[in-house]
Amino acid sequence: SYMKKFDIKLIGNILHNFSFNSGINCWHSCRDIRHCDASHYQNKECKLYSHGSYTQQESKKGAGVAYFRAEAPDGYTVRVGDCPGNDILGLHRNRVSLEECAKLCDNDYRCKAFMWFDRHECYP
């Protein structure tokens, strides 16, 4: 599964560079490479990036589309959108990994799910 963002650029060390006819085909090439974490597609150009090798930059409309690998930690399932229910006061964290966010939830009996927003913000 993947997370998709529009009008964004990825800046960093390119793992592979291809030409494709669609963004989803670009993502599929990333999905099939073990160390690929993200792809960026614009004007038939597909760039693949490994985890930690890029930064995201919001850009003007039409800057392309980025796809990010979405894998759930053990005991959780990836879904699109927000989690039903309310955030748990005092547990929100910024600049945390997916694994750290899952651990925050695991360690609080009230937590049943969490949202990991923008690949760094945790809402248990």
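These figures come from a predicted structure and were not determined experimentally.
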Asks: Assess whether atom CG of Asn17 is packed by more than 12 heavy atoms of other residues, nucleotides or ligands within 6.0 Å.
Replies: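 Enclosed: over 12 neighbouring heavy atoms sit under 6.0 Å from CG of Asn17.
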Asks: Where is the tightest heavy-atom contact between Arg93 and Val96, given as atom of each residue plus distance?
Replies: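 Closest pair (atom of Arg93, atom of Val96, distance): CB-CG1, 3.6 Å.
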Asks: Answer with yes or no whether the side chains of Asp87 and His92 bring together a donor and an acceptor at under 3.5 Å.
Replies: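 His92 vs Asp87: no donor-acceptor pair found between side chains.
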Asks: Rounded at 0.5 Å granularity, tell me how far NZ in Lys47 sits from CZ in Phe18.
Replies: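 Atom-to-atom, Lys47:NZ and Phe18:CZ are 13.5 Å apart.
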Asks: Please report the interatomic distance NE2(His51) to SG(Cys36), rounded to the nearest 0.5 Å.
Replies: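 So the NE2 of His51 and the SG of Cys36 are separated by 12.5 Å.
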Asks: Do any N or O atoms from the side chain of Glu45 and from the backbone of Gln42 form a donor-acceptor pair under 3.5 angstrom?
Replies: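 Checked: no pair found.
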Asks: How close do Ala38 and Leu10 get, counting heavy atoms only, and between which atoms?
Replies: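 The pair with the smallest heavy-atom distance is CB-CD1, 3.9 Å.
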Asks: Do Glu121 and Tyr123 have side-chain atoms, one donor and one acceptor, less than 3.5 Å apart?
Replies: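 Tyr123 and Glu121 do have a side-chain donor-acceptor pair below 3.5 Å.
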Asks: Output all residues satisfying salt bridge (Lys or Arg N to Asp or Glu O under 4.0 Å) with Arg34, sequence neighbours left out; order by chain, then residue number.
Replies: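 If we apply the salt bridge (Lys or Arg N to Asp or Glu O under 4.0 Å) test to Arg34, skipping adjacent residues, there are no hits.
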Asks: I need the Asp7 CG to Gln57 CD distance, nearest 0.5 Å.
Replies: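 If I round to the nearest 0.5 Å, the distance is 12.5 Å.
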Asks: Around atom NZ of Lys5, are there more than 12 heavy atoms from other residues, nucleotides or ligands closer than 6.0 Å?
Replies: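 Yes, because the 6.0 Å sphere around NZ of Lys5 holds more than 12 heavy atoms from other groups.
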Asks: Is it the case that over 12 heavy atoms from other parts of the model lie below 6.0 angstrom from the CZ atom of Arg95?
Replies: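 Not buried by this count: 12 neighbours or fewer within 6.0 Å.
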Asks: Testing the basics here: between Cys30 and Leu48, what is the closest heavy-atom pair and its distance to 0.1 Å?
Replies: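 Taking every non-hydrogen atom into account, CB-CD2, 3.7 Å.
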Asks: Determine the minimum heavy-atom distance between Cys122 and Leu104, stating which atoms define it.
Replies: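 Scanning both residues, the minimum pair turns out to be SG-CD1, 4.0 Å.
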Asks: Check whether any side-chain heavy atom of Val65 sits under 4.5 Å from a side-chain heavy atom of Trp27, and report yes or no.
Replies: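 No, every pair of side-chain atoms sits at 4.5 Å or beyond.
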Asks: Heavy-atom count check: over 12 atoms from other residues, nucleotides or ligands less than 6.0 Å from Asn86 CG?
Replies: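 12 or below, so no.
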Asks: With rounding to the nearest 0.5 Å, note down the distance linking SG in Cys105 to CH2 in Trp116.
Replies: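 Here the rounded value is 15.0 Å.
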Asks: Quick one: pull up OH in Tyr67 and NE2 in His40 and give me the separation to the nearest 0.5 Å.
Replies: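 One finds 10.5 Å between OH of Tyr67 and NE2 of His40.
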Asks: Does Phe117 share a hydrophobic cluster with Ile88, counting links as ILVMFWY side-chain heavy atoms below 4.5 Å and allowing steps through other members?
Replies: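 Looking at the clustering, Ile88 is in a separate group from Phe117.
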Asks: Before giving the answer on side chain to side chain contact (heavy atoms under 4.5 Å, CB included), spell out for Ser50 and Asp37 the whole-Å C-alpha distance, their side-chain angles and the decisive distance to 0.1 Å.
Replies: CA-CA 5 Å; Ser50 61; Asp37 184 59; 5.7 Å; no
Asks: Does any part of the side chain of Cys46, heavy atoms only, come nearer than 4.5 Å to the side chain of Ser29, both counted from C-beta?
Replies: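 Ser29 reaches Cys46 side chain to side chain.
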Asks: Donor-acceptor pair, distance only, cut-off 3.5 Å: does the side chain of Tyr49 make one with the backbone of Leu15?
Replies: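 Checking the backbone N and O of Leu15 against the side chain of Tyr49, no donor-acceptor pair under 3.5 Å is found.
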Asks: Might you point out which heavy atoms bring Tyr76 and Asp106 nearest each other, and give the distance in Å?
Replies: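 Distance-wise, the nearest heavy atoms are OH-OD1, 2.6 Å.
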Asks: Would you name the heavy atoms of Tyr41 and Ser22 that are closest together and state the gap between them?
Replies: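 Minimum heavy-atom contact is OH-N, 3.3 Å.
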Asks: Quick check against the 3.5 Å criterion: does Asn107 have a side-chain atom that pairs as donor or acceptor with the backbone of Lys103?
Replies: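 It does hold such a pair.
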Asks: What distance separates Ser53 OG from Ile14 CD1, expressed to the nearest 0.5 Å?
Replies: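 Going from the OG atom of Ser53 to the CD1 atom of Ile14 covers 9.0 Å.
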Asks: Any donor-acceptor pair under 3.5 Å linking the side chain of Arg31 with the backbone of Arg69?
Replies: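 Side chain of Arg31 to backbone of Arg69, a donor-acceptor pair under 3.5 Å: no, none is there.
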Asks: Does a side-chain heavy-atom distance below 4.5 Å link Phe114 with Pro73?
Replies: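 SC-SC contact between Phe114 and Pro73 confirmed.
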